[in-house]
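As a basis for the values below, the full set of heavy atoms in this structure was taken, side chains included, without hydrogen atoms, waters or symmetry mates.
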Amino acid sequence: MADVTVIEQRDRFLHNIAAIRAVTDPSWLDRILLPYDTLLPKGKVVRAEVTGVEPGSVTLASGQKLEADYVVLAPGSSYALPFKPAKDEGHVAYRRRVHAAHDRLRVARAVTIIGAGPVGIELAGEIKHAFPHTEVTLLSAHDRLLPGYSPRLDRRLRKALAGKGVHLKLGHRALDGVDALEPFGPATVHLEGGGTVAADLVFAVGGATPNTGFLAGTPGVELGKGRIRVDEHLQLPGMSHVYAIGDAALTADTLTIGGIERQVPYLEQHLKGLIAGTGGQTQPYQAWKSPVIVVPVGPDGGASQLPASLVMGRWVTRLLKGRTLMVGKARRNLGLGAEV
């Protein structure tokens, strides 16, 4: 069994898939802020910041170097607060941030969400489920929902949002408010070409940013759109036995849980073969041939695009994600027991 060291800046794992629901119901925080105590049967978790990487070692902000036969880069991505915490934010501070957002949301009469990607869509559904009398407007510069996916998914999601009473303003780019990282209000959002949207509270959820700044200028590391270029085995082309997975890896996978669910088993088998001396994976890593995504609109609604561009509605979406938001799986991955 390999001796594994995990280097992480935060003091808890955040199961951020459920962070959207926690803003509408903070009791979910107890289910999704998870300790690392039982993660590794052999190894350790080090709370630190990585500032450098090279074959055979990583360098910490303290100057300490940790040696390793294999290095896996999984720095993830940053997102609008409070849907992901700051990179080094402790769980106590993050709890306060979520409760503050909830307190503002609870008294808001009208909410505008800037950005109709998966987070914006899910947030709109969660708000209308928890606060059905709150007016919610979902604003996007695109003229359809999730343009990288099947038009059937767009139609299903529009129907689900309309059923919740969410107002869609597609094809309208916001001129201000898009740089806000946490809820603010009241505010009037000005639209390109004229017009405004007034709200007591605005959430700006424009997209994820890979956490790869610490790699800029590193010999052997190539970044494309902020993501780490990897070869067919998820290895960095210029760095032997250094791999990258997740949001920060430049693969054909979309920035969703579907990509990491496919990458982790592949790299696990590859590394086990190398460690055992039997050789790693001979077949190249294959992303989904068509993008896969599951988008709840509240606990019981939404739509999903599965492999082969199969689009399913609320029953499948509820089963796959909407009801439990995969909390049980996250707890099992960290060696924890049943949900609290």
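- A chain of hydrophobic side-chain contacts below 4.5 Å, direct or via other Ile, Leu, Val, Met, Phe, Trp or Tyr residues, connects F131 to V136.
- Within 6.0 Å of the CZ atom in R173, the count of heavy atoms belonging to other residues, nucleotides or ligands does not exceed 12.
- You'll find the side chain of L66 stays beyond 4.5 Å of the side chain of S57, heavy atoms only.
- Side-chain rings of Y243 and H270 approach one another, their centers coming within less than 6.0 Å.
- A side-chain donor-acceptor contact under 3.5 Å links Q235 to the backbone of H241.
- A salt bridge does not link K128 with E135: every distance from a Lys NZ or Arg NE/NH1/NH2 to an Asp or Glu carboxylate oxygen is 4.0 Å or more.
- Geometric assessment of R318 against the ring of W315 yields a negative cation-pi assignment under the 6.0 Å and 45° thresholds.
- Taking a cutoff of 4.0 Å between a charged side-chain nitrogen and a carboxylate oxygen, R96 and E89 do not qualify as a salt bridge.
- Between L267 and H233, the closest side-chain pair of non-hydrogen atoms is not below 4.5 Å.
- F13 and Y36 have perpendicular rings, their planes meeting at more than 60° on a 0 to 90° scale where under 30° would count as parallel.
- To the nearest 0.5 Å, atoms CD1 (I228) and OG1 (T218) are separated by 9.5 Å.
- Atom NZ of K42 sits in a crowded spot, with more than 12 heavy atoms from other residues, nucleotides or ligands closer than 6.0 Å.
- For R152 (side chain) and S309 (main-chain N/O), a donor-acceptor pair under 3.5 Å exists by modelled atom type.
- A perpendicular orientation is assigned to the rings of Y266 and Y285, their planes being inclined by more than 60° (bins at 30° and 60°).
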Side chain to side chain contact (heavy atoms under 4.5 Å, CB included), that's the test. Do F214 and V53 meet it? Break it down for me. CA-CA 9 Å; F214 71 101; V53 176; 4.0 Å; yes
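- No donor-acceptor pair under 3.5 Å is formed between the side chain of R229 and the backbone N or O of E222.
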Between V327 and R331, is a side chain to side chain contact (heavy atoms under 4.5 Å, CB included) present by the stated rule, with each step listed? CA-CA 6 Å; V327 170; R331 293 183 63 84; 4.1 Å; yes
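- With D143 contributing its side chain and L170 its backbone, the two residues share no donor-acceptor pair below 3.5 Å.
- Applying the salt bridge (charged side-chain N to carboxylate O under 4.0 Å, His left out) rule to pairs touching residues 9-26 yields R21-E126, sequence neighbours excluded.
- Side-chain N or O atoms of S304 include none that pairs as donor or acceptor with a backbone N or O of V294 at under 3.5 Å.
- The side-chain heavy atoms of R323 and D300, taken from C-beta on, include no pair separated by under 4.5 Å.
- Interatomic distance, D200 CG to R109 CZ, rounded to the nearest 0.5 Å: 5.0 Å.
- Rounding to the nearest 0.5 Å gives a distance of 6.5 Å between CD1 of I121 and CG of L138.
- With sequence neighbours excluded, no residue forms a side-chain hydrogen bond (donor to acceptor under 3.5 Å, both in side chains) with E49.
- Counting heavy atoms from C-beta outward, P85 and L14 have side chains that approach closer than 4.5 Å.
- F83 is listed as a side-chain neighbour of V23, based on a closest heavy-atom distance under 4.5 Å.
- A distance-only check finds a donor-acceptor pair linking the side chain of H15 to the backbone of L325 [under 3.5 Å].
- In the hydrophobic cluster analysis, where Ile, Leu, Val, Met, Phe, Trp and Tyr join through side-chain heavy atoms closer than 4.5 angstrom, V316 is grouped apart from L145.
- For the pair T317 (side chain) and V295 (backbone), a donor-acceptor distance under 3.5 Å is absent.
- Of the possible polar contacts, none joining the N16 side chain to the A19 backbone as a donor-acceptor pair under 3.5 Å is found.
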With side chain to side chain contact (heavy atoms under 4.5 Å, CB included) as the test, would you mind laying out the steps for L139 and I113 before giving the verdict? CA-CA 6 Å; L139 178 68; I113 300 168; over 6 Å; no
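- Formation of a donor-acceptor pair under 3.5 Å by the T112 side chain with backbone atoms of A199 is not found in this model.
- Hydrophobic clustering (side-chain heavy atoms under 4.5 Å, transitive across Ile, Leu, Val, Met, Phe, Trp, Tyr) groups V58 together with Y70.
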Criterion salt bridge (Lys or Arg N to Asp or Glu O under 4.0 Å) on D247 and K84, from CA distance to verdict: CA-CA 13 Å; D247 287 357; K84 281 189 177 182; 3.7 Å; yes
Kindly indicate, with the supporting measurements, whether the criterion side chain to side chain contact (heavy atoms under 4.5 Å, CB included) is fulfilled by L153 and I293. CA-CA 10 Å; L153 183 65; I293 195 167; 3.8 Å; yes
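- Using modelled atom types and a 3.5 Å distance limit, the side chains of S78 and N211 yield a donor-acceptor pair.
- Formation of a donor-acceptor pair under 3.5 Å by the R97 side chain with backbone atoms of P82 is not found in this model.
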